[in-house]
Amino acid sequence: MRKHGNYRVTIIKPIWWRQLCFTLFLLVIACFCSLVSRFGLVFSWGGTMIMLVLSLLSLLDQLFSWSRLKINREGFSLRGWLRNQKFSHHEVEDFQVHEFAGKKLLVVELKEAARKLRNLPNQPVPFPCCFGRPIDEVLKIVRSKIDRTPRPKS
């Protein structure tokens, strides 16, 4: 946690050893693709290049913390490989845990005005920000970080 003024910035990042294992897995698959010649040279080199690029991106993600949840004065900023989500403190009603396909998933309950502004249906928004951490631990952190200070209407 870093402190900016009177507000502490909280950053939740992926667990390093899990992400490193994923990077090594991608690297092993790249090596496997380079050795497979049954499907032809183009498939072999294509698979190798794709897996090498993905493993490099995963390693860079781990080194530079591209994927992370940042909680600061402005709100909750979830950054991932494929999509980014930002919610201001005044938009968040609460965080909940829902079961989806047999797995626990963290969801954010938005206030009605925020749902209307974003044209979202009246249901919770998935907020996959656990990065391999226990969901109860992350739920406790995000709930405690909701800033409920009244703000002027704009």
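Minimum heavy-atom separation, Ile15 to Gly132: CD1-O, 3.1 Å. In plain terms, the two heavy atoms of Gln62 and Trp16 that are nearest each other are NE2-O, 2.9 Å. When all heavy atoms of Lys111 and His90 are compared, the closest pair comes out as CD-O, 3.2 Å. Here the closest heavy-atom approach between residue Ile141 and residue Ile12 is recorded as CG2-CD1, 4.1 Å. The shortest non-hydrogen separation linking Met51 to Leu26 is CB-O, 3.7 Å. The minimum heavy-atom distance between Ser67 and Trp81, with the atom names listed, is OG-CD1, 3.2 Å.
In this structure the side chain of Ser77 never reaches within 4.5 angstrom of the side chain of Asn72, judged on heavy atoms. A heavy-atom distance below 4.5 Å is not found between the side chains of Lys70 and Phe76. Within the 4.5 Å cutoff, no side-chain heavy atoms of Val108 are placed close to those of Asp94. At least one side-chain heavy atom of Leu57 sits less than 4.5 Å from a side-chain heavy atom of Val53.
There is no path of hydrophobic side-chain contacts, each under 4.5 Å, that joins Leu106 to Leu82. Leu56 and Leu27 fall into different hydrophobic clusters, where Ile, Leu, Val, Met, Phe, Trp and Tyr are joined by side-chain heavy atoms under 4.5 Å apart, directly or via other members. Clustering ILVMFWY residues whenever any of their side-chain heavy atoms sit less than 4.5 angstrom apart, transitively, puts Val28 in a cluster other than the one holding Phe25. Cluster membership check: Leu24 does not share its hydrophobic cluster with Leu59, using side-chain heavy-atom separations under 4.5 Å among Ile, Leu, Val, Met, Phe, Trp and Tyr. Both Ile146 and Ile135 belong to a single network of hydrophobic side chains, linked directly or stepwise wherever heavy atoms of I, L, V, M, F, W or Y lie under 4.5 Å apart.
Distance CD1/Ile71 to CG/Asp147: 11.5 Å, rounded to 0.5 Å. Here the straight-line distance linking atom CZ of Phe131 with atom CZ of Arg18 works out to 12.5 Å at 0.5 Å rounding. Distance check: Asn122 CG to Glu112 CD gives 7.0 Å after rounding to the nearest 0.5 Å. The distance from the CD1 atom of Ile50 to the CD1 atom of Ile29 is 13.0 Å, given to the nearest 0.5 Å. Taken to the nearest 0.5 Å, the CD atom of Gln96 stands 13.0 Å off from the NZ atom of Lys104. Between atom CG of residue Leu78 and atom CG of residue Asn84 there is a gap of 7.5 Å, rounded to the nearest 0.5 Å.
For the side chain to side chain contact (heavy atoms under 4.5 Å, CB included) with Leu110, the lone residue among Arg118, Glu93, Lys116 that qualifies is Arg118.
Sorted by first and then second residue, the ring pair (Phe, Tyr, Trp, His ring centres under 6.0 Å) pairs involving residues 42-73 (not counting sequence neighbours) are Phe39-Phe43. Sequence neighbours left out, the pairs with a member in residues 101-129 that pass ring pair (Phe, Tyr, Trp, His ring centres under 6.0 Å) are Phe87-Phe127, Phe95-Phe127.
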Under the criterion side chain to side chain contact (heavy atoms under 4.5 Å, CB included), I'd like the reasoning laid out for Leu69 against Val142: C-alpha separation, chi angles, the key distance, then a yes or no.
CA-CA 10 Å; Leu69 170 64; Val142 293; 3.8 Å; yes
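When atom types are taken as modelled, the side chain of Arg133 and the backbone of Lys13 share a donor-acceptor pair closer than 3.5 angstrom. Looking only at distances, a side-chain donor or acceptor of Thr48 sits under 3.5 Å from a matching main-chain atom of Ser44.
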